[in-house]
Every structure is written in C-alpha cells, then in structure tokens.
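Each remark here refers to the structure printed beneath this line.
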Number of protein chains: 2
Amino acid sequence: MPDDALQTTEDAPIKLGELTNGLGFLIRIAQVKLFENFFEHLGEYGLKPGEFTVLWVIGLNPGLRQGTVANTLHIKPAHMTKLTGRLVERGLVSRATPADDRRAVRLSLTPEGQKFVDSKKDAFLNHNFDEKEALSPEEAEQLISLLRKFTGLNACP
Amino acid sequence: MPDDALQTTEDAPIKLGELTNGLGFLIRIAQVKLFENFFEHLGEYGLKPGEFTVLWVIGLNPGLRQGTVANTLHIKPAHMTKLTGRLVERGLVSRATPADDRRAVRLSLTPEGQKFVDSKKDAFLNHNFDEKEALSPEEAEQLISLLRKFTGLNACP
DNA sequence: TATTGTTATACTCTATAACTATA
DNA sequence: TATAGTTATAGAGTATAACAATA
C-alpha cells in the first residue's frame, strides 16, 4: 500500500504520514478550499469572508456595538476599526454614537448594505458548496454538526 | 426558544442566525480554537503551525524540493522562501543545491531538526486536543474522516 | 523559451502598546 | 481607574510581478 500523496512536481510521491489525521492541517486545507469557493462566487464584489460575516451579523443585530461584533467574530479591535471603515466607505454600513455612552460606536446596515446582504445571503452561507464536492448532503450536515459541537457553538440544546 | 448567542458585553444576546450552519464560519472558529491549543502546547518553541508542518514533511521526505513542499502545503513560493530561511537560521533545516538541476533547492532536517520533530510529534499532531474538548474520541475520528473526504485527502482507500 | 527560486512591493490580518475620550 | 475605540508599529501570510540562473 503506497503512502498518501497530495500533489507534486517531483518524481516520487510525497509522504504526509499522520499529518492527514491532524485536525489542524485538515482544517487549514479545508479553509483554502472554502476560500477558493468564496472568491469564485462572491469575489466580484470585492468583499472577503470576514467582511461578509460582519455585514451579516450587523444585519441581524442592528445597532450592535463595534466591540461586540469584534468579540463575537474573534476580530481584534484594531483590525475591526479598519474593517468597519472599509464597509462605511463602501456605503454598506453606518456608524452612530449613542447618547448614553459616547465612547461606543453602534453599527447598522445602510439600505444598500441590507439589499446586498439579502441578495447574496444564499451564496454566502455556502449553501452552494454542494456543486460537485466530495460530500453528500448528509455528510455535509454531519460535518457541520460536528464542527458546531467542536467549536462550542451549539445554539440552544 | 432563544436565538443562538456566542459571547457579548452587550445587553441582548447576539443573533448569528444561519451563520452557525455556514461551513466557512465554523471552519474559521475551529481554526481559532486549534491555534490557541497549538500555542498553548508548542508556543514556547517559537514555531507556528505552518512551520511545524514544513518540518514534518521535510522529515518524511528528506531532500524534497522547496517548491514541492510549497505546492503540497499550499504555501506561496515567495512566502516559502522566507519560511525556509527562518528554519535554516534556527538550525533545524539545511539547504542543498543538487548537481543535476542547479536551480533547485533541496531541503533536509538537520540532526537538531530531526530531534525536535521526533520529540514534539505527538503534541503537534493534535493527539492532545482531547483534553476536555467537546468531542468524544469517536466523534473526533468522524470529524477528521469527513474533513479528509471534503479536502480530497483520502489517502489510499 | 520555460522553469526554479528569489527579491520587491503592497495589502490583509494579527499582536501590542500608547493614546483619546469618555465613564 | 477602568472602558471603548482609535492610532501606530511590527510581523506573518498572501498576491503579484519582475528578476537571475538554469534548463
């Protein structure tokens, strides 16, 4: 039985050994695949996965504080500032300073932003990755379920 | 039944909606978790997951060409140059120019590099992530199997 | 001409700390 | 004092193109 190989310009197949059982490595390769898929379908809008996710969360929680979005999505505050700035520049998000705490920044979608999220929702949520991928619908659901459990994102048990 | 929430400094729980079914989002959060785990266990050596993976692959395939490593691990050539340089500086990897193609660079582990990989192998391959994680051993195996299928890394069936 | 690897540039993301303005 | 957000800086990773040496 030959060793497992990925791809090569080399003569001999490349051994990966137990790396193919490593969760970290698999997650990284999976992410590469998903990024490719994302840019294939949504790249024309010039938004990246993280930016789309921020739009989505703001859309579901209008007036959410910027820091809360950052915490929720594991985005660092410094980066969040720049990311928000980009979305505001594109006219998709608006900032507001609430009167009760003037340090805070509350975010909402502009009408354009809401329209954009609505129209791209399906493609964004990867309901499209079942093109000719390796997984059956049942396996995909199982994978998502296991990941949700692993990440501790099980909603309401 | 309340909407799903993650964490918040906010008054109301944050709605994520169908985001928790999005493979892209789950993979990202899973990676955050795995990175934390990695740095907790291996951070003291100052190596990052990608660097460790490169060491591992070179160890299994001594004399492998640099470009092949890059292709296999989805590392861009320009970045691979810098990454290799760091590992050489640390004395873990040695470069060699083969006589048959003097454009190429072939990589091998130094004795120190080999010793390092051997000693950290178990921790690296995340055989350690079962501490008090959410998944049972069976679920973990299932998750790995599904990811391997999704990424097209099924070795030899 | 094509290929391997390197350099250079630029941008994103991360990490950190210092700063402001509020509280 | 502590907190929310910003700014600044540095490093890693990515993308791209131009380049040298070799094939």
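Note that these values count all heavy atoms, side chains included, but never hydrogens, waters or copies made by symmetry. Reminder, nothing fancy here: chain letters follow the sequence lines and each chain counts from 1.
Under 4.0 angstrom from either OP1 or OP2 of D/dG5 there lies no side-chain N or O belonging to A/T81. Between A/R86 and C/dC13, a side-chain N or O to OP1/OP2 separation shorter than 4.0 Å is present. For B/R65, a side-chain nitrogen or oxygen approaches OP1 or OP2 of C/dG5 to under 4.0 Å. Using a 4.0 Å cut-off, some side-chain N or O of A/K76 falls inside it from OP1 or OP2 of C/dA15.
Between the CD atom of B/Q66 and the P atom of C/dT3 there is a distance of 18 Å, rounded to whole Å. For the pair B/E51 CD and D/dG11 P, the computed distance is 14 Å after rounding to whole Å. Counting to the nearest Å, the C1' atom of C/dC13 and the CG atom of A/L73 are 14 Å from each other. Straight-line distance from the CD1 atom of B/I75 to the P atom of D/dG13: 8 Å, rounded to whole Å. Note: CG (A/N71) to P (D/dA4) measures 9 Å, nearest angstrom. A straight line from NE2 of A/H79 to C1' of D/dA8 spans 15 Å, rounded to a whole angstrom. Between B/L107 atom CG and C/dG5 atom P there is a gap of 9 Å when expressed in whole angstrom units. Atom P of nucleotide D/dA12 and atom CD of B/E89 are separated by 10 Å, given to the nearest angstrom.
What you find for B/I58 and B/L109 is that their closest heavy atoms are CG2-N, 3.7 Å. In plain terms, the two heavy atoms of A/N21 and B/I144 that are nearest each other are O-CD1, 3.3 Å.
Comparing A/K82 and B/P98 by the nucleotide of DNA chain D whose heavy atom lies nearest to each, the residue mapping closer to the 5' end is A/K82. Residue-to-nucleotide proximity on DNA chain C shows that, of A/G50 and B/A78, the 5′-proximal contact is made by B/A78.
In this structure the side chain of B/F25 never reaches within 4.5 angstrom of the side chain of A/W56, judged on heavy atoms.
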For residues 43-51 of chain B, dump all side-chain donor-acceptor pairs below 3.5 Å to protein atoms at least two apart in sequence or in another chain.
residue	atom	partner	partner atom	Å
B/Y45	OH	B/K120	NZ	2.6
B/E51	OE1	B/K48	N	3.0
B/E51	OE2	B/R86	NH1	2.2

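Using a cutoff of 4.0 Å between basic side-chain nitrogens and carboxylate oxygens, A/K121 and B/E18 are scored as salt-bridged.
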Could you list, one pair per line, each protein nitrogen or oxygen that sits under 3.5 Å from a nitrogen or oxygen of nucleotides 21-23 of chain C, together with the distance?
residue	atom	partner	partner atom	Å
C/dA23	OP1	A/R102	N	3.3

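Screening residues 91-101 of chain B for salt bridge (charged side-chain N to carboxylate O under 4.0 Å, His left out) gives B/R65-B/D101, B/D101-B/R103 as the qualifying pairs, with residues at least two apart or on separate chains.
Note: A/F38 and A/F52 have perpendicular aromatic rings, judged against thresholds of 30 and 60 degrees for the angle between ring planes.
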